[in-house]
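This chain uses plain numbering: 1 for the first residue, then up along the sequence.
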Amino acid sequence: FLYFPETHGISFRIQITVKELLDKDVHLKLLFHLPINYPSGLPGISVDSDQLTRAQCMDVKDKLLEQAKKHLSEPMVHDLILWTQQHLKDVIKQSARVCNEKTTLSKRTSTEDGIWMLLLHLDHMRAKAKYVKTVEKWASDLRLTGRLMFMGKIILILLQGDRSSIKEYLILQKTSKVDVDSSGKKCKEKMMSVLCETEVQSQHKRFQTFEVKEYSTLEELQKEFETAGLRTLFSEFVPHLLK
């Protein structure tokens, strides 16, 4: 059990084991983000497991959110954990059964409807190699595309994808120990700024992959934004970071 106090509510991670599921034990990591108005407001939920696929974890998360709505205005975390232990097997079986039916539709929906964009600014990376690897894994797991961009001291993360995945990425970025402090101890990201979070518009081009890129000049960085139809985004948020 890990407890993380946050400015906008609290987040905590609970690890549970479901016994004898599909001839093996399944270890789940459940991350709950409780907003300040909890339990009147729904918690943010993230599900991770080495034994399940990312799609299965997303299905478990969706089912938990459905259950959370039934308990609105009353404490619910304990009930959600019990529900997971009791119904995980059914969720996984259902996920496998409908997987093929949903594949074509989900691909079309994720590329055509409701795509969001997120631009983040990081102050620094002390453990750069590990930090970059973590960001790449999160982007891959959540099916997000975009760029991790370095230009001098400027560090930007530009992401595109489903809004729910964007929200989940933000939770991971805020609550996971992704870097080290001045003494070399693992720490959470404390100096991240959300510069922009908005729906992708028709004039914006979609990134097809997630890439880590370094730029020698501000002009090179600007060209990356302009190629993606994001000239306005660049001019509004990036130049002042040099001041």
First locate atom [atom1] of [X], then atom [atom2] of [Y], and finally report the distance between them rounded to the nearest 0.5 Å.
{"X": "L118", "Y": "C196", "atom1": "CG", "atom2": "SG", "value": "8.0 Å"}
{"X": "Q160", "Y": "L119", "atom1": "CD", "atom2": "CG", "value": "11.0 Å"}
{"X": "L64", "Y": "I45", "atom1": "CG", "atom2": "CD1", "value": "5.0 Å"}
{"X": "Y38", "Y": "S73", "atom1": "OH", "atom2": "OG", "value": "10.5 Å"}
{"X": "R13", "Y": "D48", "atom1": "CZ", "atom2": "CG", "value": "8.5 Å"}
{"X": "E168", "Y": "L31", "atom1": "CD", "atom2": "CG", "value": "8.5 Å"}

At their closest point, which heavy atom of [X] faces which heavy atom of [Y], and how far apart are they?
{"X": "P39", "Y": "E74", "answer": "CB-O, 3.4 Å"}
{"X": "S165", "Y": "L142", "answer": "OG-O, 3.3 Å"}
{"X": "M151", "Y": "L221", "answer": "CB-CD2, 4.1 Å"}
{"X": "P35", "Y": "P43", "answer": "CD-CA, 4.0 Å"}
{"X": "V180", "Y": "R126", "answer": "O-CD, 3.3 Å"}

inquiry  = Listing request: all salt bridge (Lys or Arg N to Asp or Glu O under 4.0 Å) pairs with a residue in residues 220-233, at least two apart in sequence or in separate chains.
reply    = R147-E224, K213-E224, E226-R231
message = Listing request: all salt bridge (Lys or Arg N to Asp or Glu O under 4.0 Å) pairs with a residue in residues 136-145, at least two apart in sequence or in separate chains.
response = K137-D141
Would a 4.5 Å heavy-atom cut-off, applied to side chains only, mark [X] and [Y] as touching?
{"X": "I10", "Y": "F32", "result": "no"}
{"X": "K153", "Y": "L241", "result": "no"}
{"X": "E211", "Y": "L148", "result": "no"}

Cation-aromatic face contact K174/Y169, 6.0 Å, 45 degrees = no
key: Worked verdict on H121 versus S193 for side chain to side chain donor-acceptor pair (under 3.5 Å)   = CA-CA 5 Å; H121 173 243; S193 302; 4.5 Å; no
remark   = Note: with side-chain heavy atoms under 4.5 Å as the link, the other cluster members for L42 come out as L72
request  = Using a strict 4.0 Å threshold on nitrogen-to-oxygen distance, state whether K177 and E189 make a salt bridge.
outcome  = no
Linking I/L/V/M/F/W/Y whenever any side-chain heavy atoms sit under 4.5 Å apart, do [X] and [Y] land together?
{"X": "F210", "Y": "L156", "value": "no"}
{"X": "L65", "Y": "L28", "value": "yes"}
{"X": "M58", "Y": "L80", "value": "no"}
{"X": "V212", "Y": "L120", "value": "yes"}
{"X": "I154", "Y": "M125", "value": "no"}

key: Q15 and L30: CA distance, side-chain angles, deciding distance, side-chain contact (heavy atoms from CB on, under 4.5 Å) verdict   = CA-CA 6 Å; Q15 301 186 36; L30 304 178; over 6 Å; no
message = We want to know whether H204 and Q201 form a side-chain donor-acceptor pair, criterion being a heavy-atom distance below 3.5 angstrom.
response = no
ask   = Can you tell me if S183 and D181 form a side-chain donor-acceptor pair at under 3.5 Å?
value = yes
ask   = Can you list the residues that meet the salt bridge (charged side-chain N to carboxylate O under 4.0 Å, His left out) rule with E197, with sequence neighbours excluded?
value = K167
Passing candidate, side-chain contact (heavy atoms from CB on, under 4.5 Å) with M117, options I166, L159, V200 = V200
Single hit among Q51, Q56, K89 for side-chain contact (heavy atoms from CB on, under 4.5 Å) with V26 = Q51
task = Determine, stepwise, if the pair L172 / T134 fulfils side-chain contact (heavy atoms from CB on, under 4.5 Å).
result = CA-CA 10 Å; L172 290 169; T134 299; over 6 Å; no
ask   = Sequence neighbours excluded, which residues qualify as side chain to side chain donor-acceptor pair (under 3.5 Å) partners of K205?
value = none
key: Set of residues satisfying side chain to side chain donor-acceptor pair (under 3.5 Å) with respect to K63, sequence neighbours excluded   = none
task = Assess whether side-chain contact (heavy atoms from CB on, under 4.5 Å) is satisfied between V132 and F150, documenting all intermediate values.
result = CA-CA 11 Å; V132 169; F150 296 91; 4.0 Å; yes
request  = Please check if the side chain of S176 supplies one atom and the backbone of Q173 the other of a donor-acceptor pair under 3.5 Å.
outcome  = no
ask   = For the side chain of T145 and the backbone of F207, is there at least one donor-acceptor N/O pair under 3.5 Å apart?
value = yes
key: side chain to side chain donor-acceptor pair (under 3.5 Å) between Q222 and Y215, worked out   = CA-CA 10 Å; Q222 182 175 351; Y215 308 86; over 6 Å; no
